[in-house]
Amino acid sequence: MLNELKSAWKMAIEKELRSYLSTDDIPELAIGQPPKPDMGDAAFPMFPYAKLAHKSPAAVASDIASRLADHPEGEMIPTGPYLNIRFDIPAMADKIIDKAIGDGDEYGRNDSGRGRKVMIEFSCPNTNKPLHLGHMRNDSLGESVSQLIKATGADVMKVNLINNRGVHICKSMLAYKMFGNGETPESTGEKGDHFVGRYYVRFAQWEKEVEKAREENPAIADDPSFVDPDAAAQEMLRAWEAGDADVRALWEKMNKWTLDGLFESYRNMGISFDKLYYESETYKLGRGEVMRGLDLGVFRREDDGSVQVDLAPIGLDKKVLLRRDGTTLYITQDIGTAVRRHEDWPFDSLIYVVATEQNYHFKVLFYILSLLGYKWADELHHLAYGMVNLPEGKMKSREGTVVDADDLLSELSALAKAEIIEKGRENEVGDVEETARKIALGALNYYLLQVQPQRDMVFNPKDSISFSGNTGPYLQYTAARISSILRKADAENFDGVASNGKLLVNDDEKTLVKAIADFPEAVRKAAAGYDPSIIAAALYDAAKTFSHYYHDNQILKAETRELSLSRIKLVKALLQMMKNGFLLLGIPYLETM
RNA sequence: GAUCCUGUAGCUCAGCUGGAUAGAGCGUCCGCCUCCUAAGCGGAAGGUCAGCAGUUCGAAUCUGCUCAGGAUCACCA
């Protein structure tokens, strides 16, 4: 709403500038924000026109202000070299507030993606271990960006490619076979993914033990009973590929354990998928595409029999697409999988949420798909996110510094629970466990999403996730307080009282109205840039302003009933905006906390 | 070696389509609960926006170089 107005002003001022300077060829007018609210609501710097006019920028600003008679709504305040515009925010308040309240859960959404089909791939776990903090960033981002794109009216298909085969999967299977003694997640009471993960770790131990034994006595390798762990894992993979019944049965059993555990974690994290792909079903895909590329002449068969693609046009080297023995590689599978997906659900766009480590891979993949003539190759995006590091450095599984997703969530829940009890809010809150869980989730999602995706981030378990300051729980708390006000307002009698947005004249009120008006634009920007941090910032700014406002002003007991009701409507609109933003960030909304 | 990403307060991060005095949170220090939830509010201290040069009326923002950190450059996934 305010944006349209600013654009209208921009056009009007540019038109006047053209007439003032007697030329159509003028630099584009920039739209800025005055540093202080009392200086206006939009700023147009006049510097670029000073030279053309042979006058100072300040003179241009005042000249334009006095010449511009027919202009959009608002008041011109030439401020030095800037032509500032002040809008009558209170006069627009009712319209903005009514729109937010009227649109309800739809407020902030737009139509820009209507009719578009967007597929988004994220998570993609291995079925040999539980999720860790790095996965959580991926999952948080994937889910949030999915919501953002849905908010543009597009159809979104969330897909997850389960990496359920390969030598790393065989390692946990092998260790279980050797050391499992028939125990199961049920018998040990463990969550399935943790159970299987334990055997993956056990395999690494076994490797070390064997290596050490061999160092001490190299002759043991000649013993017929000697088993080399890596060779055994490779052997198991061959058996798996050959369809060996026992290996397949073990694989099925252990995969189910892991997946049951992983999906429990997803549920706890508020993550869901529309379609699952399994690597066991896709790993052979892509060979046909490579053959087609050979026919098209975009790939070439080397003397040794392998098939390669020349990446010189994009400034890279060569890449092998089929091994000498004709088997596929990671990139081959991804080619085939992309094609398969487009057949399954003809997307207009496909977003891969994958760590920045794979920038090279996706650059190559997208180029290859365009070589193969797929028009949709131009609409493939790699949403690359940075690593989550610890204050001491990288997380390393070998050193046991990996932060487990389930552990982290339950630790945060415990902290939140302790906080609820310390504040004596058990009764108000109702279900303490559930509330604590939602606070933990809000804290975690906000923490992970407030940083721009591409940046590496530091996770400090000791103090980075606190519940005060610029955090998810602060936002939840703010929303809960507004809810509380609205509950009390409901109990009051406002019969015969009319609200009036024109009464909302103090700076905080104007800032809040503007924040509400600007929210749809924030959603647009965040969706276009796949960047939830824009929403996080918008919500935090609004919450901060509200907290200040609420501290200084009475809402239910304002000077007049009209003012009270007007303020109630303002915070009701604000709450609607916050709730809608929460949904985009995976922050649970709490009516009380 | 090449390519890409990053460098802003003690720490974690915003700000980057150039524009007015570079902002938050945490931490430190000082205040505020007879008033709609103190997970809150206010205040103080804290900056060579890594460095140098360039473009520009104007650079944290754009360009180049240098330095520092990270990632990638497999017939692994």
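Every heavy atom of this structure was used, including side-chain atoms; hydrogens, water molecules and symmetry mates were not. In what follows, chains carry the letters A, B, and so on, assigned in the order in which the sequence lines appear, proteins first and then strands, with residues in each chain numbered from 1.
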Visitor: Got a donor-acceptor pair under 3.5 Å from the side chain of Lys363(A) to the base of U3(B)?
Guide: no
Visitor: Is the NZ atom of Lys6(A) crowded by more than 12 outside heavy atoms at less than 6.0 Å?
Guide: yes
Visitor: For Leu321(A) and A74(B), give me the distance from atom CG to atom P, rounded to whole Å.
Guide: 14 Å
Visitor: Is there a donor on the side chain of Asp334(A) or the base of A77(B) sitting less than 3.5 Å from an acceptor on the other?
Guide: no
Visitor: Touch check for Ala536(A), heavy atoms < 4.0 angstrom, all strands: base, sugar-phosphate only, or nothing?
Guide: nothing
Visitor: Nearest-nucleotide wise, let me know which of Tyr540(A) and Val167(A) is further upstream toward the 5' end of RNA chain B.
Guide: Tyr540(A)
Visitor: Counting only side-chain N and O atoms of Tyr474(A), is one of them less than 4.0 Å from OP1 or OP2 of C41(B)?
Guide: yes
Visitor: What is the nucleic acid contact for Asp531(A), judged by heavy atoms within less than 4.0 Å: base, sugar-phosphate only, or nothing?
Guide: nothing
Visitor: If you check the Lys488(A) side chain, which of U37(B), A77(B), G42(B) turns out closest?
Guide: U37(B)
Visitor: Could you check whether His551(A) and His548(A) have their ring centres less than 6.0 Å apart?
Guide: no
Visitor: Can you name the closest pair of heavy atoms from Thr435(A) and Thr592(A) and give their distance?
Guide: CG2-O, 4.4 Å
Visitor: When syn is taken as a glycosidic angle within 90 degrees of 0, is C33(B) syn or anti?
Guide: syn
Visitor: How would you label the contact of Ile439(A) with the nucleic acid (heavy atoms, under 4.0 Å): base, sugar-phosphate, or nothing?
Guide: base
Visitor: Taking U72(B) as the reference, what is the distance to C76(B) when you measure between their C1' atoms (whole Å, please)?
Guide: 14 Å
Visitor: Heavy-atom count around Asp25(A) CG within 6.0 Å, excluding the residue itself: above 12?
Guide: no
Visitor: Name the nucleic acid region contacted by Gln476(A), choosing base, sugar-phosphate or nothing; use a 4.0 angstrom heavy-atom cut-off, strictly under.
Guide: nothing
Visitor: Find the partner of G19(B): check Watson-Crick (N1-N3 plus N6-O4 or O6-N4) and G-U wobble (N1-O2, O6-N3) distances, both under 3.5 Å, and reply none if neither fits.
Guide: C57(B)
Visitor: Between A20(B), G19(B), G70(B), which nucleotide has the shortest distance from any of its atoms to the side chain of Met387(A)?
Guide: G70(B)
Visitor: Judged by atom type as modelled, is there a donor-acceptor pair below 3.5 Å linking the side chain of Arg165(A) to the main-chain atoms of Tyr278(A)?
Guide: no
Visitor: Evaluate the ring planes of Tyr82(A) and Phe47(A), with Trp represented by its six-membered ring, and classify them as parallel (under 30°), tilted (30 to 60°) or perpendicular (over 60°).
Guide: perpendicular
Visitor: Among side-chain atoms of Asp334(A) and His361(A), is any donor-acceptor pair under 3.5 angstrom?
Guide: yes
Visitor: Among A71(B), C36(B), A77(B), which is the nearest nucleotide to the side chain of Lys394(A)?
Guide: A71(B)
Visitor: Give the rounded distance in Å between these two atoms: NZ of Lys55(A) and C1' of C57(B).
Guide: 18 Å
Visitor: Which base, if any, makes a Watson-Crick or G-U wobble pair with A2(B), both distances under 3.5 Å?
Guide: U72(B)
Visitor: Taking atom P in both U21(B) and U55(B), compute the distance separating them and give it to the nearest angstrom.
Guide: 23 Å
Visitor: What nucleotide, of A71(B), G40(B), U21(B), holds the atom closest to the side chain of Ser468(A)?
Guide: G40(B)
Visitor: How far, in whole Å, is G47(B) from A22(B) if one measures between their C1' atoms?
Guide: 9 Å
Visitor: Round to the nearest Å and state the distance from Asn470(A) atom CG to G40(B) atom P.
Guide: 11 Å
Visitor: It should be established whether Arg455(A) places a side-chain nitrogen or oxygen under 4.0 Å from OP1 or OP2 of nucleotide G70(B).
Guide: no
Visitor: Between Tyr474(A) and Tyr540(A), is the ring centre distance below 6.0 Å?
Guide: yes
Visitor: Base, sugar-phosphate or nothing for Glu357(A)? Non-hydrogen atoms, less than 4.0 Å.
Guide: sugar-phosphate
Visitor: Is the base of G19(B) stacked against the aromatic ring of Phe47(A), taking ring centres under 5.5 Å apart and planes under 30° as the test?
Guide: yes
Visitor: Look at the side-chain N and O atoms of Arg323(A) and state whether any lies under 4.0 Å from the OP1 or OP2 oxygen of C76(B).
Guide: yes
Visitor: What is the nucleic acid contact for Met593(A), judged by heavy atoms within less than 4.0 Å: base, sugar-phosphate only, or nothing?
Guide: base
Visitor: Go through A77(B), U37(B), C73(B) for me and flag the one nearest to the Tyr360(A) side chain.
Guide: C73(B)
Visitor: Ignoring the backbone of Gln554(A), work out which of G42(B), C76(B), C36(B) is nearest its side chain.
Guide: C36(B)
Visitor: Please report the distance separating the C1' of C67(B) from the corresponding atom of C52(B), rounded so that it comes out in whole Å.
Guide: 10 Å
Visitor: Above 12 or not: heavy atoms from other molecules or residues under 6.0 Å from NZ of Lys572(A)?
Guide: no
Visitor: Please determine, for the side chain of Gln454(A), which listed nucleotide (C13(B), C5(B), A77(B)) has the closest atom?
Guide: C5(B)
Visitor: Is Ala43(A) touching bases, backbone alone, or none of the nucleic acid, heavy atoms closer than 4.0 Å?
Guide: base
Visitor: Select base, sugar-phosphate, or nothing to describe what Pro81(A) touches, counting heavy atoms under 4.0 Å on all strands.
Guide: nothing
Visitor: Checking all strands, does Ile420(A) fall into the base, sugar-phosphate, or nothing category for heavy-atom contacts under 4.0 angstrom?
Guide: base
Visitor: Among C4(B), G42(B), U37(B), which nucleotide has an atom closest to any side-chain atom of His548(A)?
Guide: G42(B)
Visitor: For Glu559(A) and C35(B), give me the distance from atom CD to atom C1', rounded to whole Å.
Guide: 14 Å
Visitor: Classify Pro34(A) by what it touches in the nucleic acid, base, sugar-phosphate, or nothing, heavy-atom distance under 4.0 Å.
Guide: base
Visitor: Classify Leu329(A) by what it touches in the nucleic acid, base, sugar-phosphate, or nothing, heavy-atom distance under 4.0 Å.
Guide: sugar-phosphate
Visitor: Base, sugar-phosphate alone, or nothing: which one does Ser547(A) contact when heavy atoms must sit under 4.0 Å apart?
Guide: sugar-phosphate
Visitor: Nearest of C36(B), C13(B), U21(B) to any side-chain atom of Ile485(A)?
Guide: C36(B)
Visitor: In terms of side-chain heavy atoms of Lys423(A), which of C41(B), A39(B), U37(B) is nearest?
Guide: A39(B)
Visitor: Look at the side-chain N and O atoms of Thr356(A) and state whether any lies under 4.0 Å from the OP1 or OP2 oxygen of A71(B).
Guide: no
Visitor: Classify the nucleic acid contact of Gln452(A) as base, sugar-phosphate or nothing, counting any heavy atom under 4.0 Å across all strands shown.
Guide: sugar-phosphate
Visitor: To the nearest Å, how far apart are Arg165(A) CZ and C76(B) P?
Guide: 12 Å
Visitor: What is the distance from CG of Leu539(A) to C1' of A14(B), rounded to the nearest Å?
Guide: 14 Å
Visitor: Describe the nucleic acid contact of Lys51(A) in one word from base, sugar-phosphate, nothing, applying a heavy-atom distance below 4.0 Å.
Guide: sugar-phosphate
Visitor: Considering heavy-atom distances to RNA chain B, does Thr592(A) or Tyr82(A) have its closest nucleotide positioned more toward the 5' end?
Guide: Tyr82(A)
Visitor: Can you tell me how far P of U72(B) sits from NE2 of His382(A), to the nearest Å?
Guide: 12 Å
Visitor: Would you kindly give the CD1-to-P distance between Ile534(A) and U17(B), to the nearest whole Å?
Guide: 12 Å
Visitor: Strictly below 4.0 Å: does Lys319(A) bring a side-chain N or O up to OP1 or OP2 of C76(B)?
Guide: no
Visitor: Quick one: does any side-chain atom of Thr332(A) pair with a main-chain N or O of Leu322(A) as donor and acceptor, under 3.5 Å?
Guide: no
Visitor: Need the pair for C52(B). Rule: Watson-Crick or G-U wobble, both distances under 3.5 Å, any strand; none if unpaired.
Guide: G64(B)
Visitor: When you compare A60(B) with G7(B), how far apart are their C1' atoms, in angstrom units rounded to a whole number?
Guide: 12 Å
Visitor: Between G18(B) and C62(B), how many Å separate the two P atoms, rounded to a whole number?
Guide: 9 Å
